[in-house]
Each structure stands twice: as C-alpha cells, then as structure tokens.
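Just so we're clear, the structure is a prediction, and the values are computed from it rather than from any experiment. Each chain gets a letter, A, B and so on, in the order the sequences are listed, and its residues count up from 1.
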There are 2 protein chains.
Amino acid sequence: MSKPPTPDPRRTLTLRDVSEASGVSEMTVSRVLRNRGDVSGATRERVLEAARSLGYVPNKIAGALASQRVNLVGVIIPSLSNMVFPEVMTGISEVLEDTGLQPVVGVSNYLHDREEQVIYEMLSWRPSGLILAGVEHSEAARAMLAQAGIPIVEIMDIDGTPVDSAVGISHRRAGRQMAEAIIAAGYRRIAFLGTHMPEQDTRAKKRLEGFEEALAKAGLTLVDREYYAGGSSLLQGRAMTEALLQRTPDVDFLYYSNDMIGAGGLLWCLDQGLDVPGKIGLAGFNGMELLDGLPRKLATMDACRLEIGQKSAEIIAGKRPGGVIGGEVIELTPTLDLGDTIRR
Amino acid sequence: MSKPPTPDPRRTLTLRDVSEASGVSEMTVSRVLRNRGDVSGATRERVLEAARSLGYVPNKIAGALASQRVNLVGVIIPSLSNMVFPEVMTGISEVLEDTGLQPVVGVSNYLHDREEQVIYEMLSWRPSGLILAGVEHSEAARAMLAQAGIPIVEIMDIDGTPVDSAVGISHRRAGRQMAEAIIAAGYRRIAFLGTHMPEQDTRAKKRLEGFEEALAKAGLTLVDREYYAGGSSLLQGRAMTEALLQRTPDVDFLYYSNDMIGAGGLLWCLDQGLDVPGKIGLAGFNGMELLDGLPRKLATMDACRLEIGQKSAEIIAGKRPGGVIGGEVIELTPTLDLGDTIRR
DNA sequence: CATGGTAATGATAGCGCTAACAGCGACAAG
DNA sequence: CTTGTCGCTGTTAGCGCTATCATTACCATG
C-alpha cells in the first residue's frame, strides 16, 4: 500500500502545510500570520493566499506554549442569569476589544468550592489576567491567585482585603446610605426582604449589615424580615411581600435586596391599592434599567456595573493612567435614586 | 555569581518541580495528577502532597498540545444581555458538568463579521466542539466550521441548512402558529412591533414571515408596523406602542417580536385603561419567566431554551441515544401560552 | 573595493506536557 | 526453570508553534 498523494484531507492543517503551499519557511508563514517582523509584500501576499485557500486556522495552543503568551482574560462570575453581570461583561469587552485580549467566562454559581475549581481550571490555561467577583474566596483559592503571577482584579465589592487589585463599591456603605434616606423621609417601621443565602451572596449581606447599622444609629431596628431561596423574580417578590404584609401589616417601608423582587413587591402593592409612597415606601438595589417602564419607578441604587467592568479590564490591560502596576483599589460611588417609591 | 539554591520562587512551577520534590519521574506525576494509569497508593500520596504544598497548577496548554485533546466547548451567542441565552447556557453547563468538558462563551453582537472572527478565534484553540446560535453564517464561517473536524451544533433555529447538527425550533412555524391563534380569537386589525435589524436578528424576521404568511392565508395583512433599534426594554415597548396607537388607533392586536417590549406595551395599554384583551390583544415571544409577575400575563410562546442547551451539549458530549455521530437535526416544539392578553 | 547597515528569510532549539513503549521485580502456572 | 502476566515506573520522542540567532542579498558609504 503506497502513501496516498494527498496526505489525508481530514488531518488538520499546520504551518508546514501553508509553508509548503507557498514555498517559504514555516517561520516566514508564522511571521505573516502574526504581522510580526519584516516580510516582503510579495511573500506576504503569497502566504496569505495559500493560508486562505487551504482554510488554515492557526493552533493557538502551540503558539501559546512556544511564546509563553496567552491572550485570554479569565472572568469568573457567580451567575449569568443575574442580569448584573452581563453589563459588567459589556464593560470588560468594550475595553479589551482593541487590546488583543479575549475574555473567557466561568460561572461559580455562588459556591465557593465551585469557584475554587473554576479558578484552578482558568489558571491552568495560563491567562494574562483574572477578574473575579467578590473579595471572599476559599483559602486555597486565595493562595492560587496570589501565586499565579498575573494581575488579579476582584470586582463588585471592596469591603475586604483584595489579593491584588479591586474595583467596586462599598456595599456596607450603600446599605447605610439607603437607610439614611429612608429614615430622612420619615419612615420608621422598616422591613427587609431578601435572599436566604447569607453565606453565598455576601454582598447582599453586607448591604443589610450597613442598613441595620444606620437604623441602629437612629434608634431603630427592622420590624420584620422575609427570606427566600432560589432565583429572583417578580412573582417571588409579590409572594414575599404578601406574606410579610400579612404577618406585619403595619410596616411602612420595604427594603428589598434587589430590584427584581422589589419590583414584584411594588406591583403587588399597587394591585392592592396601597398608597405608595405615602403609606408605604419601597426600595431595591441595582439600578436595573430593564425595569424602567413599570408604572412607578422603584427607588434603587445603581452598582456602577458598566464602570466596574471597564476599570477592571483597564487594570488587566495595563491601561491605568500613571502606569500603576497592581494592588490598586478603586472605589466607585453608587448613586441613590429615590424613584417614585420614597416620599420626598 | 553562583546559581542560587532556590531557583527563583516566582517562576511558575512545572511538572519537573513536582517530580523533584516527590522523587519520582515527571511521567508518574502526570499520571497521578490526571488519574490515569496505575500508580501505587504510596506514590500517589507523596506526589499529591508535593503538588499541593508547592501550589502547582498544571499547564493545560502544554497538556493539550501533547495529548491533542482540549476539554473546551466553544459557545457563540449574539448577546449576553438578551436574557435568552443565560438559560441556554444553564442547559449546556448542566449537561457538560460531568463530562469533563468546559463551555467557553464568545459573543458576536449580532454581527456576522464579528461572529466570523469569534469562530476563528475559538477554532484556533482547537475545542472539542462548537455550539453557535443561528444557521446563517458568512461563507467563510461555514467553510471554517465544515473543515474544523469537530462536532458543530447550530442552535435556536432550524429553518435552514445546518453545517452539521442543529437543535431548535422553527421560528417560521412559531410565527404562523401565533397568527393562527390570534385570528381564531377574532382579531383582525393586527400590527407588528419589533427590532429593526432584519439582517441581524434573523429569527425575529422568520417569525414575522411565518406570521404574515398565516395572515395572508386568512386574507389579512398587517395594518401597521413599528420598528426600533437598540436594546429591548419595557420603556422601549411603551414608547413604540404609544407611537403606533397614535398613528393607527383602530388596531385590535399588537404582535411584538419579544416579551420585553410586549410587556412594556401591555403596561402602557393598562395605564391607558384600554380593554385588554377585549378591545385589544397583545402577544410577544420567548416565554420569559422573569416577567411572570406583571398585572396581566402576556401571551407568548416559549422557545425551549433550556432544552436547546441540554440537547446541544448532549450532541457535543456524544451522549445522544443510539450513538448518533453527527448531522442530527432536533426540532423542538414551542408551546403557545395565551396568557391574559388574547381573549378566549 | 572593503565596510557596514538593513531587509528578508531560514535553521535550530525548545515551550511543558503526554502517548507509546520499554523495563523491572514479583509471583503464578506449566 | 522457563514463560507469561501483572503492577508500577521510567525513557524517548514528539505535539505545532515561536524566540533567537544565523545567513544571505543588496545597497550606500568612504
């Protein structure tokens, strides 16, 4: 059996194939394909033509191994369905767009163990940087991150000690600020409604802490709380609100851990014909534009999501003014929006 | 200057470091770390201990190059903020979970050029499979996909010729079905409101085509249309609806290209005190649970998003019953939900 | 014409890992 | 005692690229 003339059309192509097809060395092909080094116009054309007609796609695995450079940036977030992270991703992509870097997303599902795995997995691809949500991580995760020798940016939250850099807001302060606004508006019998995962969604927990802190300072405490597990939805918000108001009819303010359940609560209150914001006020968190068309605008605080994405990507891409190298902590200031659900 | 005894603590570790630390060959370390081949319990322990204490993270780049195996599955979607794709991703992750495969997301922003780039980028990492939205791609993209030699699954839409496998619904039929339901309910003066990107969001376009087809069969045509560009939001839906009803006050049905703008329209209609669904009916598309808590439930059709994710991942993972190898087309059947906005 | 610079190309040696096979001791079967 | 088998470990040879350092041809300069 003789070797076939066409050496197996289904084998994936390598530089060598292109080099043979264009009559130059592999090195020259490599240079052309990466736009690096001097290559004459004629040769460049010939190589490009050969590559195109063969349908050659470079093997970045080999390239990365040889050059010790990987154009990937790992991004680890707790959830995709959250509606918070898409906007962060937008900010990241925007900035990375023209740097040659590519974001790669991993999802931790709010589980620290899972996060640790994802970090390990990501680091094993030797990315150029890592962006991850939150400053709380398992011991082992922190160790890996510290050892990795690449820029690490922890985002969303700055209440804690980052491994390297951090970009976010102080959720504790955000909670405090909201409480102050509510108290200033004259509400006194205040209740909280939110996720029942204090271990996992640390940021919601911190907001609540800040919130209660400010209440305490005014001599107040929460008159009731309602927790839930699972995803946030309008329906969930309605149900919780109904349950809480049934149990404690005389509350005059409902503080929600996020806008989605807050909006559900708002719709329920309006259905019931309650006087919002006169008799009862409501507030959420996140500034979700998506909900802007509701009959009444829910009071909220935006979390600077787009900006967080942008700044974190800038740090990874080494675009920060002043050429700072690492260990930067950027605190952003969320804006409070009283909407139509806190009286003025 | 003599070589320092500690060979530079900041250099990233390799198998060799672990092998030296544990007194066995690199090969044995490799075997332990991958749980492959026979290694005695004692040796295994020693190696794991050494790897852990050094904080060694394997280099998958080198591993992948050597083994010609990459445990990544590329997933290319048009947008993250769409709320459609997170659910697809959930289905994919679910199935891939225990296969050792990892999804990697790329975003094309509804642009064919961009998609082509992303495909190229993805293929250059030699993933084990590729899942991408839609069956319409640039010529070059189709060529690359066909050449890649890996399973390709085109999802969401099956109205077209897939490169390899496909999982989705027929949007044309979905549009038709909705039109039939609307006509059956007695509505006659029907208008369409949707995205103004017929070239990009082909699926919305196909639904509209099917919709108009069914109208035509009943001797009807759309009495008006309203297009918009940019993201979908409640506010957008409100504005469009107002504009359309101002221009054509006597329509009796509003067909929206997605639930988000449909919900906005619904809210506007309710604000205006219009008789829904008596005098005017509404319908959207997508079955977004997220909106379930609105005062009235919008008529819609779900797009089987979770199932699409699952099935596509099963194809990539080779989990399809019967051991089918490729070229499978799975058509799912969306369910019509009349909600509270089509009279019965 | 020697000299040196520059532009274009090629040869060589890995990058860090794994496939494939080879080696070796121990022990069972013939 | 030979032969085979099994369990464990090591050796060798790349995977497909790129960094680095030649090498060549060509031109300008004194």
If we count only N and O atoms by modelled type, under 3.5 Å, do the side chains of R34(A) and S30(A) hold a donor and an acceptor together?
yes
Among dC15(C), dT18(C), dC17(D), which is the nearest nucleotide to the side chain of A66(B)?
dT18(C)
Heavy-atom protein contacts under 4.0 Å, nucleotides 5-11 of chain C, coded B base, S sugar-phosphate only, - none:
---SBBB
Side-chain donor-acceptor contact under 3.5 Å, H137(B) with E115(B)
yes
Can you check whether Y56(B) has a side-chain N or O nearer than 4.0 Å to OP1 or OP2 of dG16(C)?
no
NA contact type, R34(A), heavy-atom cut-off 4.0 Å: base, sugar-phosphate, or nothing?
sugar-phosphate
So, for D164(B) and E154(B), which heavy atoms are closest and what is the spacing to 0.1 Å?
N-OE2, 4.0 Å
Do the side-chain N or O atoms of R69(B) get closer than 4.0 angstrom to the phosphate oxygens (OP1, OP2) of dA19(C)?
yes
Evaluate the side chain to side chain donor-acceptor pair (under 3.5 Å) criterion for residues S93(A) and T90(A): first the C-alpha distance (whole Å), next the side-chain angles of each, then the deciding distance (0.1 Å), finally the verdict.
CA-CA 5 Å; S93(A) 309; T90(A) 303; over 6 Å; no
Minimum heavy-atom distance T12(B)-A148(A), with the two atoms named:
CG2-O, 4.3 Å
Could you please spell out the steps behind the salt bridge (Lys or Arg N to Asp or Glu O under 4.0 Å) verdict for E139(B) and R142(B)?
CA-CA 5 Å; E139(B) 204 45 57; R142(B) 288 184 68 93; 5.2 Å; no
Nearest-nucleotide pick for N59(B), side chain only, options being dA19(D), dC17(C), dC15(C):
dC17(C)
Base-paired stems that DNA chain C participates in, counting runs of 3 or more Watson-Crick or G-U pairs under 3.5 Å
C:1-30 with D:1-30
d(CZ, R126(B); C1', dC17(D)) in whole Å:
11 Å
For L123(B) and I150(B): C-alpha separation, side-chain torsions, deciding distance, then whether side chain to side chain contact (heavy atoms under 4.5 Å, CB included) applies.
CA-CA 9 Å; L123(B) 288 181; I150(B) 56 173; 3.9 Å; yes
OP1 or OP2 of dC17(C) under 4.0 Å from side-chain N/O of Q68(B):
no
